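I have placed the structure first, in the form of structure tokens, so that the comments after it can refer back to it.
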Amino acid sequence: MHDLRMVREHIDALRAAMRRRGALDALSPTIERAIALDKSRRETIQAVEERKAARNAVTQQVGQKKRGGESADDLQQQSRALGDEIARLDRELAETEGELSALLLELPNITLDQVPAGGEENNSAVRSWGTPREGARVQPHWEVGARLGIIDFERGAKISGSGFIVFRGLGARIVRSLMNLMLDVHTGQHGYEETWVPVVVNRASMIGTAQLPKFEDDMYALKGEDAFLIPTAEVPLTNLYRDEVLPESQLPKSFTAYSPCFRREAGAAGKDTRGLLRVHEFDKVELVRLVTPETSGEQLEILTGHAEKILKLLELPYRVVRLAAGDTGFASAHTYDLETFAPGVGKWLEVSSCSNFSDFQARRANIRYKPTDGGKPRFVHTLNGSGLAFPRVIASILEHHQQEDGSVRVPAALSTYLGAERLV
RNA sequence: GGACAGGUGGCCGAGUGGUUGAAGGCACCGGUCUCGAAAACCGGCAUACCGGUGAACCCGGUAUCGAGAGUUCGAAUCUCUCCCUGUCCGCCA
């Protein structure tokens, strides 16, 4: 969400930012309407506050007269009349502010200077690690998984529906091992606080991290309650300090959590339907950081490095892609996608998306910090990234580490947890 | 799920219709005192929004006592709904 004053005073910058996202045409009416509403909002505020001040003066006189035993019928009459006007203006104001804040929630974040304008075609790899493997003789992961008996797609679909997976035997154990590996590295080497959070959250939390109101169709909503299954642990983790003020000395705060993630993928029907590439429920270890505004740029580099570390440990070649403005998520100001190559499907798979949200989420969620120098509370900057998402990592492992004989080599960092060096 | 009891400023806590944004205390900041510190004493100490030509400061106004709605000339105080917390009972992994 944007600061109303910023919208008012830097409207050109806002328009330019929307243009870089390729969304100016679509959002221009929203911006114009917001500006108009802001103007009428302030006019109404002035009108209503003037009357409130008048009424306050009158009712005080009523009080004095009554205490003196006098009647105050005329004053009461006057106050009642003012009250009627106030009620009318208050309704008008509520209506205006309701529409205005709804509009503000629809505007995406402003991307940072280093983010190129335009869409996906302007994404650029900023670095890469390892060598993507030639894939002609590599079996896709869904065939490997079925052949080894570690992934049961059919029964997942039977018990839950398409896009739900059952891992079995060593497959299930791989999930548990990935969870332990990632949490151990992020807590032990990267200094994150390990957390275990609810996967059901309320509407306020979903608005705080900007899944709502725009993406409600992609969320699993609980029947009979205003609550949702999380699409990522980003939601509970970032909202931990919603409506709180942290001492600056506690920043940066960093949290990691394993959680299942639930996504309806409403807009993606028919895309990546095979295998593990796009499922409705998956597992992930998430990284979240709350930092001071001055440091969020460097903090994104740090966080991205933490996610990369896992790919290195799993010996999976990857590239780091800086997303162009039009491909950058709604709430993000700067995003790096981590993509690992899966030779069996012949695709780069996004296994992590590391973002700096600047103060966009902090403003919505009202997460602030008190500066050490004694200044007024300011909004923190929030960041998060997957570290990493399991299914595509598993797909990549099954394909990249596939051997000539069809078995799969387990990288050393993982085999410690798995208790097996090969999947046969 | 049922029955009670509660939700007031950073914290504790007073306040049941009218100069209450809110007593008192703690914490915090400044000062006096002291060689210095402690104690004592004095003073300060909420946030948001609107306006006063932009910013800083300042000034005026409005709102805020869990949230929302209502009664009233006037609500922290009365009524209703909801949320949350505590205690007891029931149920349950």
Side-chain angles (χ1 to χ4, degrees), chain A residues 1-13 34-104 196 198-208 212 221-228 236 239-251 260 359 362-380:
Chain A
M1 182 167 64
H2 298 292
D3 180 20
L4 188 54
R5 190 176 301 152
M6 187 284 290
V7 173
R8 182 155 69 226
E9 291 170 5
H10 302 286
I11 183 161
D12 290 334
I35 293 293
L37 285 170
D38 174 51
K39 187 159 182 287
S40 83
R41 165 183 165 269
R42 283 182 292 152
E43 286 166 2
T44 309
I45 285 175
Q46 280 181 49
V48 73
E49 288 193 350
E50 190 181 297
R51 283 161 182 77
K52 281 180 179 174
R55 183 178 63 180
N56 286 347
V58 172
T59 59
Q60 214 164 77
Q61 289 177 45
V62 173
Q64 276 167 17
K65 284 206 170 187
K66 292 240 166 165
R67 256 170 300 152
E70 299 174 60
S71 112
D73 289 351
D74 52 332
L75 290 175
Q76 290 185 27
Q77 198 63 40
Q78 213 178 321
S79 175
R80 194 177 293 123
L82 282 166
D84 290 344
E85 277 192 77
I86 288 168
R88 180 179 58 80
L89 289 166
D90 265 342
R91 269 197 301 277
E92 194 179 310
L93 183 60
E95 211 169 286
T96 304
E97 291 193 325
E99 191 187 342
L100 180 56
S101 55
L103 289 178
L104 288 178
W196 193 277
V199 300
V200 173
V201 297
N202 56 31
R203 180 173 292 272
S205 294
M206 293 289 269
I207 289 174
L212 298 185
L222 269 59
K223 194 172 183 181
E225 290 186 58
D226 203 17
F228 303 84
N239 278 284
L240 280 175
Y241 284 89
R242 171 155 52 82
D243 291 322
E244 293 194 42
V245 181
L246 289 153
E248 183 177 351
S249 58
Q250 284 188 24
L251 300 179
D359 65 1
R363 196 178 291 285
R364 288 175 167 240
N366 190 28
I367 309 166
R368 294 176 296 168
Y369 74 98
K370 182 111 177 133
T372 308
D373 66 18
K376 291 196 169 200
R378 303 172 66 197
F379 290 113
V380 301

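Quick caveat, the model's predicted, so the values are computed rather than measured. Each chain gets a letter, A, B and so on, in the order its sequence line appears, and its residues count up from 1.
Among the protein residues, A/Asp73 comes within range of no part of the nucleic acid, since none of its heavy atoms lies under 4.0 Å from any strand. Within the nucleic acid shown, A/Arg51 has no heavy atom closer than 4.0 Å to any nucleic acid atom. Across all strands shown, A/Val58 has no heavy atoms under 4.0 Å from either base or sugar-phosphate atoms. Residue A/Arg8 is classed as a sugar-phosphate contact, given heavy-atom separations below 4.0 Å to backbone atoms only. Contacts of A/Leu75 with the nucleic acid, taken as non-hydrogen atoms under 4.0 Å apart, are absent.
For the C1' atom pair drawn from B/U20 and B/A46, the interatomic distance equals 15 Å after rounding to whole Å.
The shortest heavy-atom contact between A/Arg242 and A/Ile367 is CA-CG1, 3.9 Å. Taking all atoms of both residues into account, the shortest heavy-atom contact from A/Arg364 to A/Leu212 is NH1-O, 3.1 Å.
Under 3.5 Å, the side chain of A/Glu49 and the base of B/G61 form at least one donor-acceptor pair of N or O atoms.
We find that CZ of A/Arg42 is positioned 14 Å from C1' of B/G52, with the value rounded to whole Å. Distance CZ (A/Arg55) to P (B/U72): 13 Å, rounded to an integer number of Å. Distance, A/Gln76 CD to B/U71 C1': 14 Å, rounded to whole Å.
Of the listed nucleotides (B/U62, B/C50, B/G74), B/C50 has the atom at the smallest distance from the side chain of A/Gln46.
For A/Glu95, the CD atom sits in a loose shell: 12 or fewer heavy atoms of surrounding residues, nucleotides or ligands are nearer than 6.0 Å.
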